Amino acid sequence: MKRITAFAILVALVINDGVAQTKSDVKMNQFISTLMKKMTLEEKLGQLNLPTSGDITTGQASNSEVAKQITEGKVGGLFNIKSVEKIRDVQKIAVEKSRLKIPLIFGMDVIHGYSTVFPIPLGLSCTWDMELIEKSARIAAIEASADGINWTFSPMVDISRDARWGRFAEGSGEDPYIGSQIAKAMVKGYQGSDLSKNNTIMACVKHFALYGAIEAGRDYNTVDMSRIRMYNEYFPPYKAAVDAGAGSVMTSFNEIDGVPASGNKWLMTDVLRRQWGFNGFVVTDFTAINEMIAHGMGDLKTVSALSLRAGVDMDMVGEGFLTTLKQSLKEGKVTQAQIDLACKRILEAKYKLGLFDDPFRYCDVQRSKTEIFTDAHRSAAREIAANSFVLLKNEKNVLPLRKKGTIGLIGPLADAKENMVGTWSVAADYNKPLSVLSALTNAVGNNAKIVYAKGSNLTADTALETRATMFGKTLRRDSRSTEAMLKEALEVANRSDVIVAALGESAEMSGESSSRTDIGIPDVQKDLLKALLKTGKPVVLVLFAGRPMTLKWESENVPAILNVWFGGSEAGSAIADVLFGDVNPSGKLTATFPQNVGQVPLFYNHKNTGRPLAEGKWFEKFRSNYLDVSNDPLFPFGFGLSYTSFSYGDISLSKGTLKPGEAITASIKVTNTGSREGKEVVQLYIRDLVGTVTRPVKELKGFQKISLKAGETKTVTFRITEEDLKFYNSDLNFLAEPGDFKLFIGTNSRDLKEADFKLLSK
Ligand code: BGC
């Protein structure tokens with residue numbers, strides 16, 4: 001049977017230009033080459049142009065400015081246009097009025113859901129549950145495609161280690177291993193196994209590359225990084241997305257080795273296409289070509305030519321390709337072959353999406369009525385959100401709360417439905433989510449009383465609050481004085497048996513262009529929290545956060561802290577589920593929480609240095625440390641508590657030596673030692689003790705999320721092969737070096753059992 005399948009595949013392959021092609025590739029190539037023969041230079045350049053939807057209104061598409069351009073064949077696609085009706089109208093213009101009737105591709109930032117919104121990507125990553133993550137992308141694809149979209153600018157897989165950066169919220173944290181697993185799961189969820197189906201959409205992995213390593217966490221800032229760090233620590237998630245078949249890649253705004261990504265041939269051609277074999281198309285980030293002028297790379301004509309030569313195919317918004325490449329071609333700055341190649345790649349994407357067969361494939365008005373924001377999608381979002389919350393502290397089992405007595409709900413994020421979805425939720429209706437107040441009120445019914453006070457504004461500084469509540473994500477700033485709001489809050493607190501303080505960041509305090517130098521809870525809220533604690537009532541901090549925050553004081557003084565990130569459209573109910581114990585929290589951090597902002601960037605997989613601080617020490621003169629704070633994180637990578645507790649046995653290795661081509665297994669017994677069922681993320685880390693280059697103190701190499709009933713024990717087994725020990729050396733060769741290794745298994749990156757093994761050369 002196997003032989004026949006292999007033979008059939010072989011027959012289906014045709015060799016073309018030295019590249020093996022399937023029959024359908026051959027068909028696609030023929031179709032596109034026939035089409036391209038008919039295209040003028042202007043029409044080819046038109047395909048490389050990606051404007052935003054601009055002034056299109058329902059029923060009036062043909063009167064818009066962009067309609068004129070589409071009719072003239074000057075547009076390849078449009079993005080951030082919402083509603084199937086509008087998209088249908090615009091597609092009609094392309095396929096009825098333009099000379100060659102080439103359909104448009106429709107993109108959108110479908111980042112963490114569409115109408116049904118899932119947790120912000122940082123929160124989603126804390127589920128450590130690849131099935132749920134894939135499911136979130138699948139649902140996003142179903143809803144977006146039902147509304148006319150066939151291309152999403154996601155997943156964002158930038159490794160982030162600087163919590164000042166607002167876009168930390170959009171990625172999966174600091175670790176390349178889990179980042180790669182998530183990148184794969186997202187691409188699979190969006191694209192499925194057949195891109196031409198009407199409910200799958202093309203992924204666009206972004207921002208290629210290294211955007212998360214911008215200096216000082218200040219958005220759009222400079223990046224400078226060694227190649228060895230790129231390959232080992234920052235590239236893996238992009239590569240994983242490419243390996244998973246992502247159809248497109250977006251350039252980043254930053255420079256790499258002194259050349260902005262959108263003009264960087266080494267990155268876009270040598271790495272992406274030659275080394276990784278990427279065969280989709282590359283789109284720039286928003287006006288990134290034009291921004292090379294400010295970077296100091298030349299005028300629009302120069303940077304546009306530079307970008308095309310680098311291997312970029314589509315120009316988002318800037319129109320540098322559209323307006324200058326013709327002249328550059330005349331001057332010999334770019335070649336016809338380079339223009340043709342970019343055009344071909346974009347047409348291929350449209351072909352793969354099935355748009356040439358049916359340009360209205362994604363314009364099923366009926367689907368838009370029945371497949372968006374459905375009960376099933378919303379209940380998945382609720383489950384996923386509850387799985388993303390991270391319980392950071394729970395002294396004396398303050399949580400879960402009982403549904404009885406009087407619960408005081410206090411804080412500027414308590415009645416803030418517009419903020420529940422978090423940053424980058426362009427398709428969401430901010431009025432749909434339940435606030436924490438409504439969700440808790442629904443959850444307790446007649447069994448308990450919820451009393452509420454806002455307690456404080458988001459920040460004392462009005463201008464800062466305005467900047468942090470943009471895009472309609474209002475917190476309805478209260479005009480009362482701080483004292484008056486506090487007084488009301490204390491009255492409510494004094495009437496309550498327990499206090500739930502809903503505090504932290506607003507949705508737009510993270511995300512693009514939302515970097516912060518102070519990553520704590522704003523002072524006015526912290527003062528409120530202090531006053532609430534002084535009442536002597538038990539206080540639960542429900543923390544809204546779009547990044548790792550500094551919570552040292554809170555961790556020392558507040559009995560319970562539940563980090564809920566921004567959980568999406570069903571976040572309110574999910575918060576109620578976890579607070580009342582209907583769901584046992586199981587999220588684990590995918591980013592280290594520092595003690596203070598001065599420690600940033602702080603990440604678990606750092607190098608040892610020549611002067612490491614001995615374990616357990618705070619300070620030693622002439623060691624790598626600080627005078628005023630220990631090197632320890634506040635909460636380590638992988639950390640997260642449960643309402644139950646888990647204990648770990650010792651590691652048992654199948655053998656102490658590993659030969660290339662063989663595997664060893666590492667097993668450990670994990671027991672639920674508490675009194676309720678719970679989920680635990682069992683984490684495997686490895687340290688390569690000696691290398692030709694320095695190696696991190698530990699690296700995540702595996703994890704399993706298991707569910708254990710009270711008292712139950714399970715044996716968790718990891719399989720380790722030479723492949724898991726490989727890294728890029730100084731010559732950027734990917735290999736494993738024989739020698740001694742340490743292996744760790746445990747509940748987070750700090751609290752681990754260990755064992756030793758050796759990799760033999762043969
Ligand atoms: C962001 C991208 C986004 C694009 C399109 C840019 O400003 O950096 O992440 O996909 O806009 O909206």
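In what follows, every heavy atom counts, from backbone to side chain, and hydrogens, waters and symmetry copies are set aside. Note that the structure is a prediction, hence the values are computed from the model and not measured. Read the numbers this way: they start at 1 and go in the same order the structure lists the ligands and their atoms.
Annotation for K135: atom NZ does not count as buried by contact number, only 12 or fewer foreign heavy atoms lying within 6.0 Å. Environment of NZ in K82: crowded, with over 12 heavy atoms of neighbouring residues, nucleotides or ligands closer than 6.0 Å. Counting non-hydrogen atoms of other residues, nucleotides and ligands closer than 6.0 Å to NZ of K92 gives a total of 12 or fewer. By the 6.0 Å contact criterion, CG on D461 is enclosed, its count of non-hydrogen atoms from other residues, nucleotides or ligands being greater than 12.
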### Step-by-step side chain to side chain contact (heavy atoms under 4.5 Å, CB included) determination, E72 to S98
CA-CA 6 Å; E72 291 165 359; S98 74; over 6 Å; no

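Below 4.0 Å from some heavy atom of D285 lie the following atoms of ligand 1, by number and element: 1 (C), 2 (C), 3 (C), 4 (C), 6 (C), 7 (O), 8 (O), 11 (O). Distances below 4.0 Å separate heavy atoms of K206 from the following atoms of ligand 1: 2 (C), 3 (C), 9 (O), 10 (O). Near F79, meaning under 4.0 Å from one of its heavy atoms, ligand 1 places the atoms 5 (C), 12 (O). Near F253, with a cut-off below 4.0 Å to any heavy atom, the atoms of ligand 1 are 7 (O), 8 (O).
S160 and E174 share no side-chain donor-acceptor pair at under 3.5 Å. In the model, Y220 has no side-chain atom that pairs as donor or acceptor with a side-chain atom of D285 under 3.5 Å.
The shortest separation from a heavy atom of M250 to ligand 1 is under 4.0 Å, placing the residue in contact.
Annotation: Y211 places no N or O atom under 3.5 Å from an N or O atom of ligand 1; distance criterion only. In terms of polar-atom proximity, R167 is counted as a contact of ligand 1, with an N or O under 3.5 Å from an N or O of the ligand. Between E512 and ligand 1, an N or O atom pair is found at a separation short of 3.5 Å.
Nearest protein neighbour of atom 10 (O) of ligand 1, counting heavy atoms only, is D109 OD1, 2.6 Å. Among all non-hydrogen protein atoms, the one lying nearest atom 9 (O) of ligand 1 is H207 NE2, 2.7 Å.
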